[in-house]
Amino acid sequence: MKTLIIYFAALILPGFLSHQIILCQSSVDPSVLIGVLPAAGPTGFNKGEVKVNQTSPAQVSLIFSRLLKNGNGGEAGTADQTESIVVSINDETGNSEFTLLMIAPERNEEKAIKVKGKYTGKESVYKNDYGCVESNMIFLINERFLVEIKGNKICDTSVLYEIADKMKTETLPL
C-alpha cells in the first residue's frame with residue numbers, strides 16, 4: 001500500500017519522490033566527520049580540541065592556532081598576535097539548494113575553486129587598511145558535506161589548502 005501511495009504522489013507532484021528520498025537520508029555519526037579532520041595543522045600551529053555539535057545534522061569543528069610574538073614581523077613594540085584556523089564539516093543532508101548557494105562566489109573578493117582537484121567551492125581573502133583580516137575556503141564533498149576552513153589574520157590561502165590536503169575526504173560516504 002505504501003508503494004502505491006508514493007507512486008501516486010510521484011505522478012501528481014513531479015520531483016516529489018526524489019526530494020522526499022533525500023530528506024529521509026539520515027545524517028552521519030559525528031565520529032565519521034571527526035575521522036576526516038586533519039591529524040595535524042600547518043607547521044607552527046597548535047591543534048585544539050575537536051568540538052561536536054550534537055544537533056542534527058552532524059557538525060564538527062577544530063581550531064589550530066599560533067602565537068606570533070611582537071606581531072607578524074617580530075618588530076619590537078608591536079603587540080603579540082594570534083593567528084587561528086577553524087576547520088568545520090557539516091553534514092547538510094537534505095539541504096542541497098543551501099549548499100550550492102554556500103559554495104557559489106557572490107562578491108568581487110570571492111573566486112571559484114577546486115579542492116583536491118575535484119571538490120567545487122570558493123575562496124576569499126579580506127583585507128582592510130590595517131592589513132590582513134581573514135581568508136576563507138568553503139567546498140562541498142559528495143554533494144552533501146560542507147567544509148569551511150577559515151583563517152583569522154591569515155591571508156595566505158596556501159595554508160588553507162595545506163589543511164584541506166591533509167583531510168581524509170575519501171572516507172566520507174556518497
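- Cluster membership for Ile138 and Ile85, using ILVMFWY side-chain heavy atoms within less than 4.5 angstrom, is not shared.
- The distance from atom CG of Leu67 to atom OG of Ser84, rounded to the nearest 0.5 Å, is 11.5 Å.
- Leu100 and Leu172 end up in different hydrophobic clusters when Ile, Leu, Val, Met, Phe, Trp and Tyr side chains are linked at under 4.5 Å.
- Distance alone, capped at 3.5 Å, is enough to place a donor-acceptor pair between the Asp156 side chain and the Ser158 backbone.
- The line from CZ of Arg66 to CD of Gln81 is 9.5 Å long, rounded to the nearest 0.5 Å.
- Taking both residues in full, the closest heavy atoms of Asp91 and Leu33 are given as N-CD1, 4.3 Å, listed atom of the first, atom of the second, then distance.
- Residues Val32 and Pro173 share a closest heavy-atom pair of CG1-CD, 4.2 Å.
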Subject >> CA sep, side-chain torsions, deciding dist, call: Ile163, Met137, side-chain contact (heavy atoms from CB on, under 4.5 Å) >> reply: CA-CA 11 Å; Ile163 289 177; Met137 169 191 290; over 6 Å; no
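- Thr93 places none of its side-chain heavy atoms less than 4.5 Å from the side chain of Val28.
- Atom-to-atom distance recorded for Asn136:CG and Glu110:CD is 8.0 Å, nearest 0.5 angstrom.
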**OP:** List the steps, then state whether side-chain contact (heavy atoms from CB on, under 4.5 Å) holds for Val147 with Tyr119.
**Re:** CA-CA 10 Å; Val147 176; Tyr119 305 123; over 6 Å; no
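- Atom CG of Leu68 and atom OG1 of Thr82 lie 7.5 Å apart (nearest 0.5 Å).
- Of the inter-residue distances, the one linking Ile141 atom CD1 with Thr169 atom OG1 reads 5.0 Å to the nearest 0.5 angstrom.
- Summarising the geometry, atom CZ belonging to Arg144 is positioned 10.5 Å from atom CD belonging to Glu92; distances are rounded to the nearest 0.5 Å.
- Classification of Glu83 and Lys153 as a salt-bridged pair fails, no side-chain N sitting under 4.0 Å from a carboxylate O.
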Distance-only donor-acceptor pairs under 3.5 Å for side chains of residues 123-131, two or more places apart:
unit_1	atom_1	unit_2	atom_2	d
Glu123	OE1	Tyr161	OH	2.7
Tyr126	OH	Arg107	NH1	3.2
Asn128	OD1	Tyr130	N	2.8
Asn128	OD1	Gly131	N	3.2

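- Under a hydrophobic-cluster definition in which Ile, Leu, Val, Met, Phe, Trp and Tyr are linked whenever side-chain heavy atoms come within less than 4.5 Å, directly or via other members, Ile154 and Ile63 are assigned to different clusters.
- Follow the hydrophobic side-chain contacts under 4.5 Å out from Ile149 and you never reach Leu140; the two are in separate clusters.
- Between Gln59 and Asn90, the side chains place a donor N or O and an acceptor N or O closer than 3.5 Å (distance only, hydrogens not considered).
- Residue Lys111 comes nearest to Pro105 through the heavy atom pair C-CG, 3.8 Å, listed as atom of the first residue, atom of the second, then distance.
- By the 6.0 Å contact criterion, CD on Glu143 is open, its count of non-hydrogen atoms from other residues, nucleotides or ligands being 12 or less.
- In terms of heavy-atom proximity, Thr99 sits nearest to Ser96 at OG1-O, 2.9 Å.
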**OP:** Applying side-chain contact (heavy atoms from CB on, under 4.5 Å), run through Leu62 and Val60 and close with a yes or a no.
**Re:** CA-CA 7 Å; Leu62 172 63; Val60 299; over 6 Å; no
Side-chain atoms of residues 42-52: list all donor-acceptor pairs with protein atoms under 3.5 Å, sequence neighbours left out, distances to 0.1 Å.
unit_1	atom_1	unit_2	atom_2	d
Lys47	NZ	Ala39	O	3.2

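- A donor-acceptor contact shorter than 3.5 Å links the side chain of Ser27 to the backbone of Ala58.
- Salt-bridge formation is not detected for the pair Asp165/Lys116: no Lys NZ or Arg NE/NH1/NH2 atom is positioned less than 4.0 Å from an Asp or Glu carboxylate oxygen.
- For Thr120 against Ile103, the heavy-atom pair with the smallest separation is O-CD1, 3.8 Å.
- Grouping the Ile, Leu, Val, Met, Phe, Trp and Tyr side chains by contacts below 4.5 angstrom, directly or via other members, places Phe64 with Ile89.
- Checking Lys150 against Ser135 by side-chain atom types alone, no donor-acceptor pair falls below 3.5 Å.
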